[in-house]
Amino acid sequence: MGQIEWAMWANEQALASGLILLIGGVVGVAGQFRDWEFAAYGVAAGVFVILLEYPRGKRRKGTTMERPGQWLLAAVVKLFGPLTRNYYVRAILHACLAVPGGFILPTVLGTVNLGIASLIYLLAAFRKEEWRPIQAVQTQKGHVGKSIHQPPTNPPPRPPAEHRRKQMDDGRTGAIEVTATP
Amino acid sequence: MGNWLVNEGVSIFVILVWLGINAFLFVNYFNVYEAGNKFYYTRELLGSALAWARAPAACLNFNCMLILLPVCRNLLSFLRGSCGCCRRQLDRNISFHKLVAYMIALHTAIHIIAHLFNFERFMTSQGYENGTLNNVLSKLGNDESYLNPIRDPNTNPTKVAFTTLAGLSGIAITLALILMITTSTEIIRRSYFEVFWYTHHLFVIFFVGLVIHGVGRIVRGQTEGSLHNHNATFCKDKYVEWGSIKQCPVPVFSGNPPMTWKWVVGPMFLYVCERLVRFCRSHQKVVITKVVTHPSKVLELQMKKRGFKMEVGQYVFVQCSKISRLEWHPFTLTSSPEEDHFSIHVRIVGDWTDSLFKVCGGDQKEFREAWKLPSITVDGPFGTASEDVFLYETAVLVGAGIGVTPFASILKSVWYKYTHSDPNLKLKKIYFYWLCRETSAFEWFADLLQSLESQMLERGNANFLSYNIYLTGWDENQATHFAMHHEAQTDVITGLKQKTLYGRPNWENEFKNIATNHPSTNVGVFLCGPQALAKTLNKMSIAHSSADPRGVHFIFNKENF
């Protein structure tokens with residue numbers, strides 16, 4: 001399991017926990033349970049965790065799939081620099097956020113899951129992983145010539161298949177026209 | 001033009017039946033608890049939340065029964081072989097497994113939310129002032145005949161959840177479920193397979209917890225006897241006099257017996273058999289007869305196992321105890337059934353494959369003695385859609401990237417059958433499309449095509465197999481190179497007579513041409529590749545199939561791992 005980036009799993013787990021905490025909080029508030037203030041906290045904490053965890057960090061190896069629409073939140077998360085980059089901070093943050101949820105039943109599940117996410121982040125931090133934003137994909141401008149903006153559907157050097165077949169039928173008379181590209 | 005039903009009909013039917021059963025169970029049990037007399041007093045304490053908790057519970061029973069069945073791959077393989085019908089449905093087993101899992105997640109959420117309300121309401125009922133109906137009901141029965149499972153007004157729901165069997169098991173199995181779900185996401189499954197594989201074994205905890213979840217019998221309803229002599233509609237307002245007037249003796253309650261085990265015991269037994277079969281198979285001796293290192297970090301293992309019978313395009317799970325006793329990894333078989341051994345081509349992409357490479361001596365140049373090779377165990381082979389290739393007169397085979405591997409087996413087998421004039425071979429024409437960014441890592445496949453090409457030329461039937469190789473990752477340097485060698489007889493990259501094409505195929509044109517060339521046949525379209533391509537080909541197959549039953553029909557089959 002040497003190549004696993006634990007942060008990827010921690011991120012999924014934390015995102016799920018945020019959602020569970022949020023739902024539990026909503027139930028507690030809507031049902032006006034006893035000590036519903038803790039549920040209100042659950043709503044706030046759940047939303048915060050979701051916003052923090054939604055932008056996926058860049059993997060060390062391979063390409064990382066962004067979550068849809070994460071660029072905005074990623075920009076915000078990036079602003080906090082080491083606070084969001086360092087996974088020790090996240091582990092402690094999630095552990096602290098989880099605690100108040102343990103006081104009433106609706107948010108207990110969120111608490112336990114956030115606690116687990118915190119532990120996985122601790123493991124990730126221990127392995128020196130960091131959160132890095134996914135840069136926008138650089139188009140391969142170096143390879144294609146400056147005048148080509150879109151790769152052609154029938155790429156050079158050969159003429160289209162129909163053309164080629166016709167020329168083959170004609171019996172390969174003379175040189176075949178090759179249009180060179182800049 | 002389109003014959004969507006040919007491709008999707010049976011799947012849609014299965015899903016509709018499954019949804020229908022879910023809906024029926026939900027509505028039925030909702031009514032039992034919302035309108036039944038047995039739970040009249042329970043509803044006094046809990047309101048509708050009771051029914052909202054019990055209805056998804058019934059659906060959960062049903063879905064937890066179903067979830068184990070699609071992953072009994074040996075059983076499915078057996079069904080596939082012996083019945084022959086519904087083979088394409090059985091190939092979509094993992095998709096069904098995922099669907100059922102989503103449904104379980106949904107019903108779990110509804111169930112938990114409803115029970116949160118139930119716990120809270122039980123709690124508040126216990127705390128009501130003396131003399132209200134709820135209070136009287138809650139105080140009833142300090143032996144086994146109670147209604148309210150929360151007995152102590154000074155506790156809180158969290159404590160109760162953690163001290164009752166139902167609460168504790170519920171929390172444990174929900175945790176197991178959530179961990180299984182977060183590790184089953186695409187990114188974890190595809191990149192860190194081991195994490196997914198190991199965490200998914202939490203299903204054992206899930207099922208154990210599920211079975212004991214109802215043992216505490218905390219869903220209480222009036223007993224038969226009590227219903228007989230205590231009419232709730234008449235007595236509900238006379239709760240002060242319960243026990244002292246003749247028509248209203250004190251009501252007696254009992255809990256529902258646990259039902260879940262009845263639903264899941266069958267599939268659990270089948271799954272245990274499945275694991276036993278895998279275990280027995282894994283102890284059958286496998287001998288590595290040859291190890292070949294191909295360029296671009298590809299390892300070919302040729303093996304023999306007594307009684308091993310395969311069909312084209314099947315896959316096996318391979319385990320090597322020297323590397324890891326618990327990990328089984330799937331690989332497509334690249335040999336054809338007619339050969340005397342079976343082989344897999346392994347690309348070195350991760351920890352396990354890297355270890356396999358080293359352990360088989362791939363990094364050493366000198367000859368290795370047979371006894372130095374590691375012991376390998378193989379489970380399988382398991383069926384895929386490729387077995388159906390021979391049933392069609394015309395076949396379109398599309399392999400993208402590493403998805404070209406099953407076609408090695410298919411092409412070899414087809415060629416063998418063709419050269420030996422096998423009467424079972426209905427195939428008369430194959431259109432083969434190989435899409436890859438670059439041919440490195442698949443030089444071995446190019447070699448295979450080269451040998452087929454020369455053999456076909458010898459027999460004078462160059463038209464049997466028409467293949468098109470598309471390099472989707474060309475760049476300007478390569479383009480210049482191709483331009484220089486345009487006139488060469490053989491292709492500069494693959495060495496084949498058939499020239500390589502660049503970019504992506506124009507599927508519209510391809511399908512149109514094939515449809516024109518084969519006007520009244522069923523054309524099998526087989527793909528092993530990415531989801532996006534599957535969508536495209538599926539669309540094309542549906543769009544180019546004629547509505548006329550005698551016309552051309554494209555039937556799309558996708559392999560997935």
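The figures that follow rest on heavy atoms only: side chains count, while hydrogens, waters and symmetry mates do not. Every chain is numbered from 1, with letters handed out A, B, ... down the list of sequences.
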**Report entry** Gap between atom CG of A:Asn11 and atom OG1 of B:Thr182 - 0.5 Å precision
**Finding:** 10.5 Å
Query raised in the report: Would the number of heavy atoms belonging to other residues, nucleotides or ligands and lying under 6.0 Å from CH2 of B:Trp507 be above 12?
Result: yes
Query raised in the report: Quick one: what part of B:Ile112 sits under 4.5 Å from any heavy atom of chain A, side chain, backbone, both or neither?
Result: side chain
Requested in this report: Please indicate whether A:Tyr88 has more than 12 foreign heavy atoms, meaning atoms of other residues, nucleotides or ligands, lying under 6.0 Å from its OH.
Outcome: yes
Report task. Identify which part of B:Thr199 has an atom lying under 4.5 Å from any heavy atom of chain A, answering side chain, backbone, both or neither. Result -> side chain
Query raised in the report: Is there a donor-acceptor contact under 3.5 Å linking the side chains of B:Thr183 and A:Trp9?
Result: no
Query raised in the report: Heavy-atom distance under 4.5 Å to chain A: side chain of B:Phe117, backbone, both or neither?
Result: both
Query - From OH (B:Tyr192) to CD (A:Glu5), nearest 0.5 Å - result: 3.5 Å
Query raised in the report: Atom OG1 of B:Thr185 and atom CD of A:Gln13: how far apart are they, to the nearest 0.5 Å?
Result: 10.5 Å
Report summary line: d(A:Phe33 CZ, B:Arg121 CZ) to nearest 0.5 Å is 7.5 Å
Query raised in the report: Checking heavy atoms, do the side chain of A:Ile20, its backbone, both or neither come under 4.5 Å from chain B?
Result: side chain
Requested in this report: Assess whether side-chain contact (heavy atoms from CB on, under 4.5 Å) is satisfied between B:Ile188 and A:Glu12, documenting all intermediate values.
Outcome: CA-CA 9 Å; B:Ile188 306 284; A:Glu12 300 283 333; 4.2 Å; yes
Query raised in the report: Under 4.5 Å between any side-chain heavy atoms of A:Ile116 and B:Ile178, yes or no?
Result: no
Query - B:Val195 side chain near A:Trp6 side chain, heavy-atom distance below 4.5 Å - result: yes
Report task. Output the distance between atom CZ (A:Arg34) and atom OG1 (B:Thr124), rounded to the nearest 0.5 Å. Result -> 9.0 Å
Query raised in the report: Looking at B:Ile171, B:Leu179, B:Asn506, which has the largest count of heavy-atom pairs under 4.5 Å with chain A?
Result: B:Leu179
Query - Proximity breakdown for A:Val108 and chain B, heavy-atom pairs closer than 4.5 Å - result: side chain
Query - Interchain contact, A:Met65 with chain B, by part (heavy-atom threshold 4.5 Å) - result: neither
Report summary line: Heavy atoms of A:Leu105 and B:Ala161 approach each other most closely as CD1-CB, 3.5 Å
